[in-house]
Chemist: 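Let me give you the structure first, and then I'll get to my questions.
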Protein chains: 2
Amino acid sequence: MNSSNKRPLTLRDVSEASGVSEMTVSRVLRNKGDVSQATRERVQEAARTLGYVPNKIAGALASQRVNLVGVIIPSLKNMVFPEVLSGVSAALEGTELQPVVGVTDYSPEKEEKVLFEMLSWRPSGIIIAGLEHTEPARAMLERAGIPIVEIMDTDGDAVDANVGISHRRAGRLMGEAIHEAGYRKIGFLGTKMPLDHRARKRFEGLTRALAGHGIEIADQEFYSGGSALSKGREMTQAMLTRSPDLDFLYYSNDMIGAGGLLYLQEQGIDIPGRIGLAGFNGVELLDGLPLQLATMDACRAEIGEAAARIIADRNSGAVKEGGQRIELEPKLAYGDTLRRD
Amino acid sequence: MNSSNKRPLTLRDVSEASGVSEMTVSRVLRNKGDVSQATRERVQEAARTLGYVPNKIAGALASQRVNLVGVIIPSLKNMVFPEVLSGVSAALEGTELQPVVGVTDYSPEKEEKVLFEMLSWRPSGIIIAGLEHTEPARAMLERAGIPIVEIMDTDGDAVDANVGISHRRAGRLMGEAIHEAGYRKIGFLGTKMPLDHRARKRFEGLTRALAGHGIEIADQEFYSGGSALSKGREMTQAMLTRSPDLDFLYYSNDMIGAGGLLYLQEQGIDIPGRIGLAGFNGVELLDGLPLQLATMDACRAEIGEAAARIIADRNSGAVKEGGQRIELEPKLAYGDTLRRD
DNA sequence: TTGAAAGCGCTAACAT
DNA sequence: ATGTTAGCGCTTTCAA
């Protein structure tokens, strides 16, 4: 059925089929410049029946503009990042910009590679997770000559614009809430990722807040790999076996927190009376648990939206200067697993 | 610090800085052709100190090859698709191909748009979820002149290559297992998505298998939006209130199944004695639940890998012909929620 | 309102 | 081993 051409169609094909110059065809297809209704229709008809698909490679080279925004994130499995992406997509909706995703697997070297690849497509902007990058990566970002928005984290120096929350502050707030609720023997459960700077900063904030009240983290445990839910379960069991007198467990993410929650419920342990729990992120998933896990919202979609808006505004020329900073407020949700006093 | 050039560097800049012709610079940067070690080093040094980033737009136009594989999926929030993507990435690792993701939000119209956008970048191949597309989308796929792999589903006609499982068969297998286990009053809980063809096919397979034993679905309920876990909880409660004599609940995905499982456990209902449960997908998440939910593995990563391999093989010229078909075997996991007889 | 010419930054193909 | 020439398929700019 289909005319099995080997060669993809070009503007010239549409031009010939419609008897209109390539230039005018181009104008019609881009809705640019004045074209009479008559020719417009002839061109569109020809393009449609031929099945013409424009070549953006050529268009981008000629126009020197690529309407792509590179979004560089550590992972797609973490829930958090697809939500950030939703925010980006939502904000870019209605502009001519489109997001393109790159994944680093939490590796700085891979981040550097992915960034280099992205930049070689000459995108209109870059949104990149985190403030910590390799030296060459930072240099690339600085030299790129396009809007750069570092997201998620505001504790540190940004190359250009910055949107996120202070994870140190988030940890501190949680530490204060835990202390105020009367918990004193606190265990920490997290990921074995020295490069997860945001988790590290939360931990720092937490320990500092507790230290202010003369409390030290009583036990800690880290995991890597596997199902976060079951790891949360296992780690909780291990930790409570080792340190049965703990009265609070702080998890570096909601998923392991949920695992711990399910385990403790099975054991018939009183939450939040005998032991309190908190996670981090505020993932929607938690809504379906038997108890609402205390958590702190990381403002994922908002971050994506704000970051994309910065790029869109600068791209459209509406905003000239760079270096925007937006620090969002992490919101504490007590849920059912953190006493209020 | 950084030389704040407005204009991005070109090959010519590197050429001038190194005193080597553009062509030779190009060869060095691409590791193509014979270049003496001496010039190679001079060029690399120049490129590095200048901070040159190649322009792939220009390169792609000149070479008529774009090493991108478009991957078009309904959603990133569904867990399933990030896992498919991992498979794709894994298989493309080591080749020069790179995945680029497009998301359709389960809308055929958006799929058509995303596909058009992707094709206009002239990718080396397309991996697209599902066999159902709009007429124009199908036409584009047919005319594209590149390898196309439709994934996830094998029940229907593919444009070119096809990798997936038969969801009708998956539903049928589950129906048989349910019947063999002795369950007779079966409820179905799913998503309110007329366009989720795979869920529909599983449902068809299930009902057909049960019909073969003279059993009809006794009750059904559908949801849309919200947290799947809590929806599973709510729907389960609603359904059992309405139809208390059900002895089995089949959920169209694991997440709502997990919600139902948690709810029933809270109610102290005997699983799988009083009531049996099964979901679909085999998501890793389930490992951490109090009981292992019966499910059926949808072979997500394998599908991504196999699809990407087809594209890579054809792209490298190792394989000439198209139309490959790979039907994977959905594996039933009884878990703890489906009796064995 | 339409068309013609020039060139975006690179690489294939051909010299040398 | 290195250089030269001629485009890739569009869009920008200028002319008609």
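Protein chains get the first letters and strands the later ones, always in sequence-line order, with residue 1 at the start of each. All values below were derived from every heavy atom in this structure, side-chain atoms included, with hydrogens, water molecules and symmetry-related copies excluded.
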Chemist: Roughly how far, to the nearest 0.5 Å, is the CD1 atom of Ile128(A) from the NE2 atom of His133(A)?
Modeler: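 It comes to 4.5 Å.
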Chemist: If I take atom CE in residue Met23(A) and atom P in nucleotide dG9(D), what distance separates them, rounded to the nearest angstrom?
Modeler: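 Checked: the CE to P distance equals 17 Å.
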Chemist: Can you tell me if Arg40(B) touches the phosphate of dT2(D), counting only side-chain N or O atoms and a distance under 4.0 Å to OP1 or OP2?
Modeler: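 The answer is no; no side-chain N or O of Arg40(B) sits under 4.0 Å from OP1 or OP2.
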Chemist: Using whole Å, what does the distance between atom P of nucleotide dG9(C) and atom CG of Leu9(B) come to?
Modeler: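 My rounded result for the distance is 11 Å.
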Chemist: Rounding to an integer number of Å, can you tell me how far Lys32(B) NZ sits from dC10(C) C1'?
Modeler: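 So the two atoms are 13 Å apart, to the nearest Å.
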Chemist: Is there a donor and acceptor pair closer than 3.5 Å between the side chain of Arg27(A) and the base of dG3(C)?
Modeler: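 Looking at the base of dG3(C), it does pair with a donor or acceptor on the side chain of Arg27(A) (distance under 3.5 Å).
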Chemist: With Asp160(B) as reference, evaluate Arg143(B), Arg325(B), Arg138(B), Arg314(B) under the salt bridge (Lys or Arg N to Asp or Glu O under 4.0 Å) test and give the passing residue.
Modeler: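 Going through the options one by one, the only one that passes is Arg314(B).
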Chemist: Is any side-chain nitrogen or oxygen of Ser26(B) closer than 4.0 Å to OP1 or OP2 of dT11(C)?
Modeler: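 For dT11(C), OP1 or OP2 has a side-chain N or O of Ser26(B) closer than 4.0 Å.
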Chemist: Can you see if the side chain of Ser63(B) gets near the phosphate of dC8(D) - specifically, an N or O under 4.0 Å from OP1 or OP2?
Modeler: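 The answer is no; no side-chain N or O of Ser63(B) sits under 4.0 Å from OP1 or OP2.
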Chemist: Report the distance from atom CG of Leu61(B) to atom P of dA12(C), rounded to the nearest whole Å.
Modeler: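 Roughly 12 Å, once rounded to whole Å.
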Chemist: As an exercise, state the distance from CE of Met118(A) to CD1 of Ile72(A), rounded to the nearest 0.5 Å.
Modeler: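 Result: 5.5 Å between the selected atoms.
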Chemist: Calculate the interatomic distance between Leu11(B) atom CG and dG9(C) atom P; express it in whole Å.
Modeler: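 That distance rounds to 11 Å.
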Chemist: Nearest-Å distance, NZ (Lys56(A)) to P (dT11(D))?
Modeler: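 In whole Å, dT11(D) P lies 11 Å from Lys56(A) NZ.
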Chemist: Should Tyr52(A) be listed as having a side-chain N or O under 4.0 Å from OP1 or OP2 of dG9(D)?
Modeler: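 Checking Tyr52(A) against dG9(D): no side-chain N or O falls below 4.0 Å of OP1 or OP2.
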Chemist: How far does CD of Glu305(A) sit from CD1 of Ile326(A), to the nearest 0.5 angstrom?
Modeler: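 CD1 of Ile326(A) is found 11.0 Å from CD of Glu305(A).
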Chemist: Are side-chain heavy atoms of Leu29(A) and Pro54(A) found at a separation under 4.5 Å?
Modeler: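 No, every pair of side-chain atoms sits at 4.5 Å or beyond.
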Chemist: Check this one for me: any side-chain N or O of Ser21(A) less than 4.0 Å away from OP1 or OP2 of dG3(C)?
Modeler: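 Answer is yes, contact under 4.0 Å.
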Chemist: Closer than 4.0 Å, any side-chain N/O of Thr24(A) to the OP1 or OP2 of dT2(C)?
Modeler: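 The answer is no; no side-chain N or O of Thr24(A) sits under 4.0 Å from OP1 or OP2.
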Chemist: Look at the side chain of Gln64(B) and decide which nucleotide, out of dG9(D), dG3(D), dT2(C), has an atom nearest to it.
Modeler: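 Of the options given, the side chain of Gln64(B) lies nearest dG9(D).
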Chemist: Want to settle it: does Ala62(B) or Gln37(B) sit nearer the 5' end of DNA chain D, counting the closest nucleotide to each?
Modeler: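 On the 5' side of the pair lies Gln37(B).
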Chemist: Compare the minimum distances between each of dT11(D), dC10(C), dG3(D) and the side chain of Ala58(B), then state the nucleotide with the smallest one.
Modeler: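 Selected nucleotide (nearest to the side chain): dC10(C).
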Chemist: Evaluate the side-chain contact (heavy atoms from CB on, under 4.5 Å) criterion for residues Val100(A) and Trp121(B): first the C-alpha distance (whole Å), next the side-chain angles of each, then the deciding distance (0.1 Å), finally the verdict.
Modeler: CA-CA 13 Å; Val100(A) 178; Trp121(B) 290 105; over 6 Å; no
Chemist: How would you label the contact of Asn55(A) with the nucleic acid (heavy atoms, under 4.0 Å): base, sugar-phosphate, or nothing?
Modeler: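 Counting heavy atoms under 4.0 Å across all strands, the contact made by Asn55(A) is with sugar-phosphate only.
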Chemist: Mind calculating the distance between CD (Glu96(A)) and C1' (dT11(D)) to the nearest angstrom?
Modeler: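 Glu96(A) atom CD is separated from dT11(D) atom C1' by 14 Å.
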Chemist: Out of dT1(C), dG9(D), dG3(D), which has the shortest distance to the side chain of Val20(B)?
Modeler: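 For the Val20(B) side chain, the nearest candidate turns out to be dG3(D).
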Chemist: Please report the distance, rounded to the nearest Å, between CG in Asn31(B) and C1' in dT11(C).
Modeler: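 These atoms are roughly 15 Å apart.
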Chemist: Think Arg12(B) has a side-chain N or O under 4.0 angstrom from the OP1 or OP2 of dT11(C)?
Modeler: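 Indeed not, no polar side-chain atom of Arg12(B) lies that close.
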